[in-house]
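What follows is a set of notes on a single structure, which appears directly below.
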Amino acid sequence: MKDPHLTSFSDFGLSETLTRALVDANYTTPTPIQSQAIPELMKGRDLLGIAQTGTGKTAAFALPILQRLAPGKPAAPRRVRALILSPTRELATQIAESFKTYSRYMNHMTIAVVFGGVGHRPQEDRLKRGVDILVATPGRLIDHMLAGMVTLHETEIFVLDEADQMLDMGFVQPVRKIVKELPKLRQTLFFSATMPKEIAGLAGELLFNPITVKVTPEATTAERVEQRVIHVETAAKRRLLLDVIVAEKPERALIFTRTKHGADRVVRQLGQDGVEASAIHGNKSQAQREKALASFKAGSTPILVATDIAARGIDVSGVSHVINYDLPNIPESYVHRIGRTARAGKSGIAISFCGDDERDYLKDIEKVTRQKIPAEDRRGTIALSPRSDRDAGGDDEDRAERGDRRNPRGNQQRHHRPSGAQGAKDGHHHPGKRPESRPAAAGGKPAAKPQTARPQHRDNGAQEETLGRVGFLAGGREKPTRPQAAARPQGDSRRPQRNGGNGQRRQEV
Ligand code: AMP
């Protein structure tokens with residue numbers, strides 16, 4: 001059957017300046033969301049895009065916006081012609097970078113990004129001059145609006161990106177406040193990876209006769225991920241992690257924990273065990289997160305420990321392994337997590353540690369992904385960590401942290417949700433039944449192992465030894481040695497690398 005969608009960028013009728021920039025960026029074939037959305041957006045239609053990072057959604061909206069704005073007059077002082085709202089500063093920065101990439105041959109297209117956590121003044125100076133394309137997080141934009149630095153009365157195009165994440169982070173009211181300031185006559189683009197009721201309602205309010213485009217990359221991504229579960233005592237996870245790192249020698253591994261403290265603890269313990277790693281989560285400063293991500297991308301610290309929200313939007317090619325140190329208590333997070341590997345047509349490995357108290361999470365994950373993940377039982381085979389440095393969220397800080405977090409529907413997260421959950425009864429999260437939820441990952445087909453570099457071990461003789469690592473690593477396994485040359489990124493260099501979308505709640509913006 002003939003593909004009903006356009007298959008080449010030249011079919012879109014984009015300007016020569018844009019097509020030249022796409023050639024530079026090595027974009028040869030539009031992604032499904034691009035081929036479906038771009039022609040409609042160029043006609044001025046509103047759009048409901050059910051898609052997430054990794055689908056090419058940024059170019060799907062950026063290219064038509066640039067095409068539309070190019071012939072018009074530049075923005076007047078304190079005015080914005082196109083506004084893109086993003087829940088996190090990392091995503092905002094990535095979007096602005098994409099706009100810059102695509103508009104590189106356009107004269108006078110001004111692009112600015114504003115977000116919280118940094119000084120107001122430079123942003124104010126920029127806004128006062130007027131901006132053609134403004135990418136902003138909601139809280140800081142409202143600050144600037146209240147301070148009279150910017151007005152949205154002449155904004156022609158409005159993009160709400162990652163709307164479900166906005167909800168998750170408590171930004172729906174600020175978003176509504178911003179929308180009130182926009183002209184009624186405008187083009188609106190609304191993107192969300194999932195469509196919980198509140199988000200569908202918001203989309204209904206904001207969009208006029210939209211075209212709906214739904215793309216589901218994760219099912220195909222997940223098919224290429226070799227998935228495994230290892231049943232283990234919670235107190236043995238630390239050793240197991242080291243064991244897995246030594247055995248797998250990941251080129252680049254993203255390790256997930258449920259909590260920020262858990263992430264810090266894993267980094268600390270890996271350090272004590274001679275493996276360098278860094279953490280990325282909402283308690284880290286912007287500079288720390290950027291640094292961690294940059295050295296992960298560059299391959300100089302090939303092990304990054306992250307929480308779910310922090311990892312959202314991370315698109316680094318060459319993530320060979322995703323390790324779920326803790327299983328997520330929201331099954332869709334599992335699909336999100338393993339989708340960090342197997343990007344750009346590569347295969348990847350996802351290894352999940354399942355403690356006794358996480359069995360229900362595993363059942364829920366298998367239900368949602370409609371597959372049984374091959375499991376290995378290592379209980380009773382690995383020495384347990386001393387009580388003093390046990391992990392997996394057992395301490396008070398973790399409990400406090402988890403108690404403070406809410407699920408995407410604004411409710412307390414459930415940590416011991418029985419399989420099959422009460423979702424239908426309480427009207428909340430019930431992924432198995434929601435037609436809008438991302439479809440299941442299928443298969444779990446074993447994939448070829450990527451070429452891996454050895455994990456970096458550093459000589460930390462001066463440091464306290466807590467696990468007796470030499471003993472652990474003995475017996476045919478490699479002994480930790482001095483630092484080795486960093487694993488070089490082996491990603492597809494054609495694909496511009498992107499930063500992670502991170503988000504803590506309100507204070508991030
Ligand atoms: P996004 O979903 O917008 O976050 O994009 C994911 C990644 O795919 C980014 O690194 C983009 O630069 C890249 N990308 C987007 N569209 C294309 C395309 N048509 N061809 C190649 N790479 C693309």
Side-chain angles (χ1 to χ4, degrees), residues 52-55 88 90 162 164-165 168 193-194 216-230 237 241 244 248 250 252-260 262-263 266 277 279-282 293 296 303-344 346-355 358 361-371 373-374 392-393 402 405 407-408 413 429 431 437-444 447 498 500-503:
Q52 59 180 78
T53 305
T55 55
T88 65
E90 280 85 357
E162 302 215 337
D164 53 353
Q165 187 76 352
D168 202 2
T194 57
T216 50
E218 302 231 51
T220 46
T221 304
E223 278 166 19
R224 294 199 307 271
V225 180
E226 179 191 330
Q227 299 170 62
R228 275 185 264 154
V229 171
I230 304 177
K237 284 186 176 182
L241 178 61
V244 165
E248 295 282 332
R252 255 194 230 113
L254 200 48
I255 300 176
F256 283 95
T257 60
R258 269 199 303 272
T259 65
K260 292 173 270 187
V266 168
I280 178 165
H281 57 62
L293 209 50
F296 185 62
I303 294 181
L304 186 65
V305 187
T307 54
D308 287 299
I309 291 183
R312 196 160 163 133
I314 290 183
D315 182 15
V316 178
S317 40
V319 174
S320 59
H321 289 68
V322 165
I323 300 174
N324 293 315
Y325 192 87
D326 302 323
L327 279 178
N329 51 351
I330 296 177
E332 280 127 327
S333 296
Y334 175 82
V335 183
H336 269 296
R337 287 179 179 189
I338 70 166
R340 303 305 99 191
T341 183
R343 287 274 164 122
K346 295 188 172 185
S347 52
I349 294 175
I351 301 173
S352 302
F353 298 175
C354 180
E358 295 174 298
Y361 301 156
L362 179 61
K363 280 188 202 150
D364 283 353
I365 289 164
E366 291 185 331
K367 204 179 247 177
V368 166
T369 59
R370 286 184 227 125
Q371 62 173 359
I373 306 169
R402 290 194 310 244
R405 288 174 68 191
N407 71 15
Q413 286 189 350
H429 187 59
S437 64
R438 279 182 304 286
R498 298 163 58 94
N502 184 15

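This structure is a prediction, so every number in the text was calculated from the model and none was measured.
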What's the shortest heavy-atom distance between [X] and [Y], and which atoms?
X      : Y      : result
Thr257 : Arg337 : O-NH2, 3.8 Å
Val244 : Ile230 : CG2-CD1, 4.2 Å
Val229 : Cys354 : CG1-CB, 3.8 Å

Result of checking Ile255, Val266, Leu254, Leu241 against Ile303 for side-chain contact (heavy atoms from CB on, under 4.5 Å):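 Exactly one option meets the side-chain contact (heavy atoms from CB on, under 4.5 Å) with Ile303, and it is Ile255.
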Rounded to the nearest 0.5 Å, how far apart are [atom1] of [X] and [atom2] of [Y]?
X      : Y      : atom1 : atom2 : result
Leu327 : Ile373 : CG    : CD1   : 8.0 Å
Ile351 : Tyr325 : CD1   : OH    : 14.0 Å
Asp308 : Asp168 : CG    : CG    : 10.0 Å
Leu304 : Ile280 : CG    : CD1   : 5.5 Å
Gln227 : Ile365 : CD    : CD1   : 9.5 Å
Asn324 : Arg228 : CG    : CZ    : 12.5 Å

Pairwise side-chain contact, Asp326 with Lys237, heavy-atom cut-off 4.5 Å (strictly under):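 A side-chain contact under 4.5 Å exists here.
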4.5 Å side-chain heavy-atom contact, Ser352 and Tyr334: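 They are in contact (side-chain heavy atoms under 4.5 Å apart), so the answer is yes.
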